[in-house]
J.: 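Could you have a look at this structure, given as structure tokens, before my questions?
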2 protein chains.
Amino acid sequence: MPSADRRLQPRREPRQVRAELTRERILAAAAHVFSEYGYAAGTTNRIAERARVSIGSLYQYFPNKDAILAALLVRHIDRGTWTRADELDLSPGTLAATVRALVRDAIDNHSEDPQLLRIMIEEAPLSQELLDTIDRHGRQRVAQIRDLLALHPDVRVTDLDTAAELIVFTVEINTHKLMADPRPIPVERFERELANMVTRYLRGDRHAE
Amino acid sequence: MPSADRRLQPRREPRQVRAELTRERILAAAAHVFSEYGYAAGTTNRIAERARVSIGSLYQYFPNKDAILAALLVRHIDRGTWTRADELDLSPGTLAATVRALVRDAIDNHSEDPQLLRIMIEEAPLSQELLDTIDRHGRQRVAQIRDLLALHPDVRVTDLDTAAELIVFTVEINTHKLMADPRPIPVERFERELANMVTRYLRGDRHAE
DNA sequence: CAAAGAGCTGAGCTATTGCTCATAATAGAG
DNA sequence: CTCTATTATGAGCAATAGCTCAGCTCTTTG
């Protein structure tokens, strides 16, 4: 299983509709196969078979197996995550609602194919390039949330940067957990408690620490 | 790469000291190799080589590759996690300190070989049996924390079960993240903010929700 | 309606892996 | 010291993976 070739770009750009369709079929099949078998056992032959495409065709559009998963991941990232900050209410007394919107957004963004998402994040041998892309998006999101927190009058947390990082990660990872859990907590309860935790944290408090 | 044989027990129980040492060397080597290469690329031959043991010897004590990682995981679990509940202070006004102790404990428990731990949890193809073991321990821990929360006078959260599950997972996973992060937050800051979040959540508050 | 290029096919090559087994070395009992 | 059970060895097998390439079919173009 050599994968010395680290290119992630297709070796041939689709020029006909037919080709575009094939590429699409491959990606769709890959999503199914990875999600069902995991990354290691999700073989390229299985993917090709499921896409009803020959293995040769698969390798015309993806230089190697990693590139297929990378394409799926990039596509997911590009679909965007988290509500845009400017659509949120920043008037006093609205923190709970704001946080709740963020939590709900995270849930929505992960309810599509949680199993695939888990595999992409946990099992995939990500290239450095891809890791950087993910990292960049992560930072961007953290920065966005930090700015949001800075603007909201109800936020009384001292260390804004750490707080932003902490809640972005916590919300995201807990959502993953919810989706993957074989016996998950009911969504409403989960959403409420997670939002409560974040809200109370951000509000700070006047008790003795 | 067949692994139809799902046994996790050794095929031969060590009866001489020499054998016990060999087994130990294999496990130590496996920890290194998995931690360095990941599960898939951490081949049994590499492990045997690192342990300075023939591949045949390896297969005398572990029926298959999965069993090696399983043994490492079980060993980690058995080392125990989280402070015993009865050592904690339950008098009023001590919630922050209590939570902080729990957080610190989680950090301590994961600082040994975070990379290996990550691989065990994320990359390992866990058998149902092992999954059940992990699940059981998880439930036990959640139950333990829930009982603790029920006893503490400062805790004002309504849904105790959900709260316990939420904070156990959140603390653990955030600790993982901290360890794995290429550019991690300073530990003290991390510890403080995470503990703050949990404490404030548990305290509840009297603001309008 | 050709010619040319784009797209597709799948048998099979190469590499690698998990693992076996016949054999040798070593340890401990009597 | 001898005999037996235990432990160790490593060449190599069987399985399977990722991936190539020579030749085919289909589209497009002029």
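In what follows, chains are A, B, ... by sequence order, proteins preceding strands, each numbered from 1.
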J.: For the residue pair D89(A) and H152(A), what are the closest heavy atoms and their distance?
T.: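 Shortest heavy-atom separation between D89(A) and H152(A) comes out as O-CE1, 3.5 Å.
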J.: Hey, is the side chain of T44(B) poking within less than 4.0 Å of OP1 or OP2 on dC19(C), counting only N and O atoms?
T.: no
J.: Could you grab the distance from atom CG of D154(B) to atom CG of L202(B), nearest 0.5 Å is fine?
T.: 10.0 Å
J.: Within the pair Y59(B) and dT9(D), is there a side-chain N or O less than 4.0 Å away from OP1 or OP2?
T.: no
J.: Would you tabulate the nitrogen or oxygen pairs shorter than 3.5 Å linking the protein to nucleotides 9-12 of chain C?
T.:
unit_1, atom_1, unit_2, atom_2, d
dT9(C), OP2, S54(A), N, 2.9
dT9(C), OP2, S57(A), OG, 3.2
dG10(C), N7, G56(A), N, 3.4
dG10(C), O6, G56(A), N, 3.4

J.: Is it true that R146(B) and E165(B) make a salt bridge, defined as a side-chain N closer than 4.0 Å to a carboxylate O?
T.: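 Salt bridge flag = no for E165(B) with R146(B).
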J.: Distances under 3.5 Å only, N/O to N/O: pair up the protein atoms with those of nucleotides 25-28 of chain D.
T.:
none

J.: Rounded to whole angstrom units, what separation is found between the CG atom of N64(B) and the C1' atom of dT17(C)?
T.: 14 Å
J.: Does any residue of residues 25-36 of chain B have a heavy atom under 4.0 Å from DNA chain C, and if so, which ones, in number order?
T.: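 None, since no heavy atom is under 4.0 Å.
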J.: How long is the line joining CD of E49(B) and P of dG18(C), in whole Å?
T.: 13 Å
J.: side-chain hydrogen bond (donor to acceptor under 3.5 Å, both in side chains) for N174(A) and T170(B)? Distances and angles first, verdict last.
T.: CA-CA 7 Å; N174(A) 268 293; T170(B) 298; 3.0 Å; yes
J.: In whole angstrom, what separates Y37(B)'s OH from dT17(C)'s C1'?
T.: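 To the nearest whole Å, that distance equals 15 Å.
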J.: In this structure, how many angstroms lie between the P atom of dG7(C) and the CD atom of E24(A), rounded?
T.: 15 Å
J.: Are the side chains of Y39(B) and M120(B) in touch, meaning some heavy atoms are under 4.5 Å apart?
T.: no
J.: Taking only Lys NZ, Arg NE, NH1 and NH2, and the carboxylate oxygens of Asp or Glu, determine whether R139(A) and D135(A) approach each other closer than 4.0 Å.
T.: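 Salt bridge between R139(A) and D135(A), a charged N being under 4.0 Å from a carboxylate O: yes.
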J.: Give the rounded distance in Å between these two atoms: CZ of R15(A) and P of dG5(C).
T.: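 One finds 12 Å between P of dG5(C) and CZ of R15(A), rounded.
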J.: Does E20(B) come within less than 4.0 Å of R15(B), counting only side-chain N to carboxylate O?
T.: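 No.
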J.: Minimum heavy-atom separation for T22(A) and Y61(A), please, with both atom names.
T.: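 Here T22(A) and Y61(A) meet closest at CG2-CE1, 4.3 Å.
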J.: From CZ of F62(B) over to P of dT17(C), roughly how many Å is that when rounded to an integer?
T.: 20 Å
J.: Check whether the side chains of D132(B) and Q128(B) place a donor and an acceptor atom closer than 3.5 Å, and report yes or no.
T.: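 Their side chains do contain a donor-acceptor pair, which is all the 3.5 Å distance test asks for.
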J.: Send over the distance from Y39(A) OH to dT16(D) P, rounded to a whole Å.
T.: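 Atom-to-atom, Y39(A) to dT16(D), this comes out as 19 Å.
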J.: Taking atom P of dA8(D) as reference, at what distance in whole Å does atom CG of L21(B) sit?
T.: 9 Å
J.: Could you check whether R136(B) pairs with E129(B) (Lys NZ or Arg NE/NH1/NH2 to Asp/Glu carboxylate O, under 4.0 Å)?
T.: no
J.: For A29(B) and R50(B), work out which heavy atoms get closest and say how close.
T.: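 Closest approach of A29(B) to R50(B), heavy atoms only: CB-CG, 3.5 Å.
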